[in-house]
Novice: 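This is the structure I have questions about; it appears just below.
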Amino acid sequence: MATALHAPILDWYAENARDLPWRRPEAGPWAILVSEIMLQQTPVVRVLPVWTEWMERWPTPAALAAEPPGEAVRHWGRLGYPRRALNLHACARAVTSEHGGRVPQGYEELRRLPGVGDYTAAAVASFAFGRSHAVLDTNVRRVLARAVRGEEYPPKATTAAERKLAESLLPALDAPRWAVAVMELGALVCTARAPRCADCPVAASCAWRLAGRPAYDGPERRGQTYAGTDRQCRGRLLAVLREAHGAVPKAALDVVWDDAVQRERALDGLIADGLAQVLPDGAYRLPA
DNA sequence: CACTCGTGGGC
DNA sequence: TGCCCAAGAGT
């Protein structure tokens with residue numbers, strides 16, 4: 001469907017798109033899948049160097065699948081949410097063993113890969129294979145909330161109404177370009193904190209701007225605390241394992257977190273998640 | 001569904 | 001300076 005939004009946003013994208021390596025024609029499905037998982041909850045500028053290193057080191061799913069999972073975790077560096085590294089490694093092995101070494105093209109098959117949810121399956125099907133899907137990431141949801149619904153922020157969880165709206169906006173031609181254009185607008189102009197409406201190609205028809213940019217009026221948007229949490233503790237512990245090539249004695253982990261109860265809980269969590277292993281001598285390492 | 005899961009930078 | 005957010009997924 002063509003609306004007052006399509007042409008302005010597509011034209012704006014043609015002029016303002018960032019030159020990101022996973023958007024170039026030579027980027028294949030594997031490169032795109034890796035980028036999408038790295039980009040989950042993670043800014044582009046931090047993904048760029050890690051993605052580049054991964055693509056040089058593991059240009060194909062088979063190359064990564066041949067490694068132990070710990071190598072994926074090690075080269076994840078400080079991207080955050082390191083279970084994504086395990087997910088990508090598991091994707092590589094699934095693609096290699098079940099899909100002949102090629103990333104599957106269909107949404108349903110993609111969706112079954114570890115770490116591939118609704119967004120990532122739609123994004124890969126769209127960007128790597130040219131399929132038409134509603135690609136609902138945080139940027140798209142925010143742009144539609146403002147431009148169409150007239151609200152500053154979308155609901156906390158994606159609703160059926162949002163999905164229906166996004167699907168109703170799918171163009172007959174080149175849905176992938178539409179998807180990436182809306183995402184880019186949300187990332188560069190229609191940002192969460194300080195939207196740059198003066199630079200927005202759809203400012204004239206934006207329901208939220210026309211309503212005077214009313215402040216968010218929904219349920220509390222709870223911020224994430226971090227200092228002192230298990231997440232911070234897990235991060236510290238895993239950093240030690242990443243930086244040590246090989247096994248580390250438990251004492252090397254004990255020194256990075258004072259609270260022993262929390263430290264043990266976090267360590268157990270890392271092991272349960274497959275991010276760490278205990279050796280018979282009591283030393284720890286990344287999963288082999 | 002609410003909660004967990006890292007990390008760093010911008011405002 | 002702290003708070004908020006960033007191409008979400010799994011449970």
Side-chain angles (χ1 to χ4, degrees), chain A residues 17-18 20-23 27 31-51 73 76-88 90-91 110-128 133-143 152-160 162 166 176 179-188 190-196 216 219-242 256-257 265-266 268-270 272-276:
Chain A
R18 289 169 292 181
L20 302 176
W22 46 83
R23 286 180 183 165
I32 291 172
L33 174 61
V34 171
S35 79
E36 289 301 340
I37 290 187
M38 287 185 173
L39 285 162
Q40 290 167 2
Q41 298 287 286
T42 308
V44 165
V45 289
R46 210 174 315 156
V47 166
L48 277 168
V50 182
W51 180 88
V73 176
W76 195 250
R78 304 188 65 79
L79 267 190
Y81 293 149
R83 62 179 54 165
R84 293 182 294 164
L86 290 181
N87 287 338
L88 265 174
C91 278
L110 288 163
R111 186 66 179 74
R112 287 183 211 112
L113 294 173
V116 176
D118 288 334
Y119 162 75
T120 303
V124 174
S126 190
F127 302 146
H133 289 279
V135 180
L136 272 177
D137 80 322
T138 186
N139 290 305
V140 173
R141 296 182 60 223
R142 187 174 54 250
V143 169
E152 185 176 18
Y153 297 118
K156 285 195 292 282
T158 305
T159 63
E162 284 184 276
V180 74
V182 181
M183 287 174 62
E184 192 78 334
L185 184 66
L188 299 183
C190 193
T191 55
R193 212 91 53 95
R196 301 160 44 185
Y216 178 74
E220 200 74 22
R221 294 157 54 81
R222 182 178 54 77
Q224 320 155 344
T225 54
Y226 183 61
T229 60
D230 284 10
R231 291 160 83 171
Q232 183 182 31
C233 182
R234 287 167 56 110
R236 291 251 187 103
L237 296 170
L238 196 61
V240 173
L241 299 184
R242 266 199 322 262
V256 300
W257 197 264
R265 182 172 66 235
D268 286 346
L270 288 174
D273 290 346
L275 287 163

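Proteins get letters first, then strands, A, B, ... in listed order; numbering begins at 1 in each.
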Novice: Ignoring backbone atoms, establish whether Gln40(A) has a side-chain N or O less than 4.0 Å from OP1 or OP2 of dG8(C).
Specialist: no
Novice: Say you draw a straight line from CG of Leu185(A) to OG1 of Thr191(A); how long is it, rounded to the nearest 0.5 Å?
Specialist: 10.0 Å
Novice: Send over the distance from Ile37(A) CD1 to dG6(B) P, rounded to a whole Å.
Specialist: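 My rounded result for the distance is 16 Å.
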Novice: With heavy atoms under 4.0 Å as the rule, sort Arg193(A) into base, sugar-phosphate or nothing.
Specialist: base
Novice: Side-chain N or O of Arg84(A) less than 4.0 angstrom from OP1 or OP2 on dG8(C)?
Specialist: no
Novice: If you assign Gly115(A) and Thr191(A) each to the DNA chain C nucleotide with the nearest heavy atom, which residue ends up on the more 5' nucleotide?
Specialist: Thr191(A)
Novice: Looking only at N and O atoms, is any donor in the side chain of Arg83(A) or the base of dC5(B) less than 3.5 Å from an acceptor on the other one?
Specialist: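 Side chain to base: no pair below 3.5 Å.
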Novice: Between Leu20(A) and Val116(A), which is nearer to the 5' end of DNA chain C once each is assigned its nearest nucleotide?
Specialist: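 Closer to the 5' end of DNA chain C: Leu20(A).
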Novice: NA contact type, Trp22(A), heavy-atom cut-off 4.0 Å: base, sugar-phosphate, or nothing?
Specialist: base
Novice: How many whole angstroms separate atom CZ of Arg78(A) from atom P of dG9(B)?
Specialist: 10 Å
Novice: Considering every strand and a 4.0 Å limit on heavy-atom distances, what is the contact class for Asp273(A): base, sugar-phosphate, or nothing?
Specialist: nothing
Novice: Quickly work out the Leu275(A) CG to dT7(B) P distance and round it to whole Å.
Specialist: 11 Å
Novice: dG6(B) base to Thr42(A) side chain: any donor-acceptor pair below 3.5 Å?
Specialist: yes
Novice: Please classify the nucleic acid contact of Ala192(A) as base, sugar-phosphate, or nothing, using heavy-atom distances under 4.0 Å.
Specialist: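 Here Ala192(A) touches the backbone only, sparing every base.
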Novice: For Leu113(A) and dG8(C), give me the distance from atom CG to atom C1', rounded to whole Å.
Specialist: 15 Å
Novice: Base, sugar-phosphate alone, or nothing: which one does Arg141(A) contact when heavy atoms must sit under 4.0 Å apart?
Specialist: nothing
Novice: Checking all strands, does Gly117(A) fall into the base, sugar-phosphate, or nothing category for heavy-atom contacts under 4.0 angstrom?
Specialist: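 The answer is sugar-phosphate, as Gly117(A) gets under 4.0 Å only of primed atoms, P, OP1 or OP2.
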Novice: Can you find a donor-acceptor pair, distance only, under 3.5 Å between Arg231(A) side chain and dT7(B) base?
Specialist: no
Novice: How far does CZ of Arg234(A) sit from CG of Leu275(A), to the nearest 0.5 angstrom?
Specialist: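 Rounded to the nearest 0.5 Å, the CZ-CG separation comes to 6.0 Å.
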Novice: Rounding to a whole Å, what distance do you find between Arg265(A):CZ and dT4(B):C1'?
Specialist: 12 Å
Novice: Starting at CD of Gln232(A) and ending at C1' of dT4(B), how long is that distance when rounded to a whole Å?
Specialist: 15 Å
Novice: Does one side chain, of Arg142(A) or Asn139(A), offer a donor that lies under 3.5 Å from an acceptor on the other?
Specialist: yes
Novice: If you round to the nearest 0.5 Å, how far is OH of Tyr119(A) from CD1 of Ile37(A)?
Specialist: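 The CD1 atom of Ile37(A) sits 11.0 Å away from the OH atom of Tyr119(A).
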Novice: Is the distance from OP1 or OP2 of dA9(C) to the nearest side-chain N or O of Thr120(A) less than 4.0 Å?
Specialist: yes
Novice: Nearest-Å distance, CG (Asp137(A)) to C1' (dA9(C))?
Specialist: 14 Å
Novice: Would you indicate, yes or no, if dC5(C) has its OP1 or OP2 atom less than 4.0 angstrom from a side-chain nitrogen or oxygen of Arg142(A)?
Specialist: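 No, outside the criterion.
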Novice: Counting any heavy atom closer than 4.0 Å, what does Leu79(A) reach on the DNA or RNA strands: base, sugar-phosphate only, or nothing?
Specialist: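 Base: the residue Leu79(A), judged by heavy atoms under 4.0 Å, touches a nucleobase.
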Novice: Can you measure Leu86(A) atom CG to dG6(B) atom P for me and round it to whole angstrom units?
Specialist: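 Whole-Å distance recorded here is 10 Å.
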